Amino acid sequence: NPEVGRTLRWLDWRLSVCVLLLCMFGMAMGRRAPKTPRCPATCSCTKDSAFCVDTKAIPKSFPPGIISLTMVNAAFTEIPGGAFSHMHLLQFLFIENNDIQVLSKHTFRGLKSLTHLSLSNNNLQVLPRDLLKHLDILTDLDLRGNSFRCDCKIKWLVDWMEKTNTSVPAIYCASPFEFQGRRIHDLTPRDFNCISADFAVYETYSFQSLSVESYEFNDDQYVVFAQPNTGICTVFIWDHVNMLFKTHYNITSRSAVYCKHVVISNTLYMVVAQLFGGSHIYKWEEGPLRFVKIQDIDTTRVRKPNFIETFQIEGDWYFAVVDSSKAGSTSLYRWNSNGFYSHQSLHPWHRDTHIDFLEVDGKPRLILSSTSQPPVVYQWNRSQRQFEYHLQMTYSGDVQMVKHFWVRKVLYLCLTRFIGDSKILRWDNQRFVEIQTLPSRGSMAVYPFSVGVRQYLLLGSDYSFSRIYLWDDLTQRFQPFQELNMFAPRGFSLVSVDNKDILLAASFKGKTMAYQHLVVDLSAK
């Protein structure tokens with residue numbers, strides 16, 4: 001019957017609708033409305049404020065509409081980042097009379113409506129940089145009752161207080177001693193010396209070396225090492241793309257102990273001092289690119305070379321070869337258009353160790369050190385065109401190396417010793433006066449150098465860490481700065497290239513090292 005069929009279909013549809021409505025009703029009944037967060041057990045809440053006492057942690061929920069939060073006598077000492085990010089409506093935050101010691105720089109992240117902040121009467125010594133960075137409408141900040149340490153970590157606050165319109169009641173330094181009791185408002189960023197430095201390992205070379213020298217030629221930066229095991233002089237060139245030194249050329253020799261460059265009339269020469277087989281002079285040729293030996297050095301004069309110094313006097317080029325043998329003599333050679341020729345012998349029979357050229361009061365001088373007697377000063381005689389004995393330093397013998405340096409137009413000298421203390425001398429009224437001693441057991445090498453306005457002194461050691469000292473303008477003395485772990489260093493050289501300051505260290509018993517001088521802003525940490 002068609003009528004019966006239509007009736008059944010209609011009833012079936014009504015049943016489906018009923019089932020669907022029942023399901024929807026059941027789901028609605030099962031999905032309860034969210035509960036309104038209650039006031040935490042340790043807090044008292046009103047419509048728009050909360051007052052918390054003896055809280056063990058920052059509560060994770062508060063009733064809606066809280067714009068003022070006070071926390072006293074809290075049972076925690078550190079507030080992590082984002083601790084209040086769930087209370088983005090906060091306008092007033094009072095964290096007072098607690099033992100809070102540490103804040104994260106993100107502690108107040110998300111509180112863009114905050115106008116009043118009090119951290120008074122806690123145990124804060126420092127405040128992390130950027131703590132207040134996003135509190136753009138902060139009008140009042142109370143930091144009283146804390147024991148602030150006024151060092152580089154608080155320099156940012158001093159700078160912020162100079163520029164902000166936020167009202168900050170007077171706060172005082174608890175330490176260090178020089179700032180104790182001073183109002184932080186009265187300090188300026190210039191009161192803090194926050195720029196420090198660090199020498200970090202930049203590169204390690206697999207070979208040992210006895211000497212290292214750096215030089216520029218044809219707009220390129222080079223370093224040359226004397227390698228005792230292979231006996232060769234290895235020249236490296238700076239790679240501006242990869243920012244490192246790469247092998248450029250090897251000068252084959254038998255027993256190189258020192259490799260010293262000199263550039264005369266745009267021509268590069270390399271003096272190679274050898275322990276055996278005599279010493280030689282090489283010339284760099286452009287086509288093909290190579291070093292060619294052009295001259296031998298008289299082996300009857302130089303028997304056991306230890307060091308080479310090059311210098312220029314009245315337009316003429318010279319080099320001195322220090323002889324450390326008992327039967328040899330430190331000798332000077334002078335350039336004469338097509339080669340170096342013997343010019344003068346100095347200081348025979350004294351086992352010389354090092355020589356340093358300098359000009360004092362317009363007069364060229366040489367200071368020669370040896371293991372058998374105190375250092376000797378020679379002065380240039382213009383009429384004779386030779387060096388003549390001037391004086392002998394009476395401070396100490398067994399000087400391994402002598403190096404001069406200048407600080408604020410004042411001349412100083414460092415004498416390093418293998419046994420006993422090294423000495424710092426100052427040029428005063430036509431003589432050197434001792435002003436400081438530095439412990440230097442096992443020292444064979446010293447290197448004064450400057451990076452920017454900072455004057456350093458590197459004192460090598462065969463028995464312990466090598467030490468870098470930093471010159472203190474206030475005391476006019478060197479102060480310990482950093483220790484470097486290198487094995488039996490014999491020479492150092494500083495290279496400044498591509499905005500990098502690279503300190504190279506020749507090591508006799510270990511790997512040759514390169515360190516980068518890094519400037520560190522302590523106030524940025």
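Predicted, not measured: the structure shown is a model, and the values here were computed from it.
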Is a donor on one side and an acceptor on the other found under 3.5 Å between the side chain of [X] and the backbone of [Y]?
X	Y	value
Asp323	Ser325	yes
Asp191	Thr188	yes
Thr353	Val399	yes
Thr330	Leu346	no

* Kindly indicate whether the side chain of Tyr249, heavy atoms from C-beta on, has any atom under 4.5 Å from the side chain of Leu289. => no

* Test item: Leu358 and Leu411 side chains (from C-beta on) under 4.5 Å apart, heavy atoms ->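 They are in contact (side-chain heavy atoms under 4.5 Å apart), so the answer is yes.
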
Polar contact flag, side-chain donor to acceptor under 3.5 angstrom, [X]-[Y]:
X	Y	value
Trp160	Glu162	no
Ser496	Asp501	yes
Gln221	Asp498	no
Asn338	Tyr341	yes
Asp398	Gln400	yes

* Under-4.0 Å salt bridge between Arg149 and Asp151 -> yes

* To do: Run the salt-bridge test on Asp159 and Lys163 with the 4.0 Å N-O cut-off and return the result as yes or no.
  => yes

Measure centre to centre between the rings of [X] and [Y], then say whether the value is under 6.0 Å.
X	Y	result
Tyr456	Phe405	no
Phe236	His248	no
Trp471	Tyr412	yes
Tyr202	Phe245	no

* Asked: How far apart are the C-alpha atoms of Tyr258 and Asn306, what are their side-chain angles, what is the distance that settles it, and do they pass the side chain to side chain contact (heavy atoms under 4.5 Å, CB included) test?
  -> CA-CA 7 Å; Tyr258 214 95; Asn306 198 65; over 6 Å; no

* Under the 6.0 Å and 45° cation-pi test, does Arg254 pair with Phe276? ->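 Verdict for Phe276: no cation-pi partner in Arg254.
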
* Asked: With under 30° as parallel and over 60° as perpendicular, where do the rings of Phe179 and Phe192 fit, or are they tilted in between?
  ->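 Phe179 vs Phe192 ring planes: tilted.
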
* Between Phe207 and Phe225, what is the ring plane arrangement, given parallel below 30°, perpendicular above 60°, and tilted in between? -> perpendicular

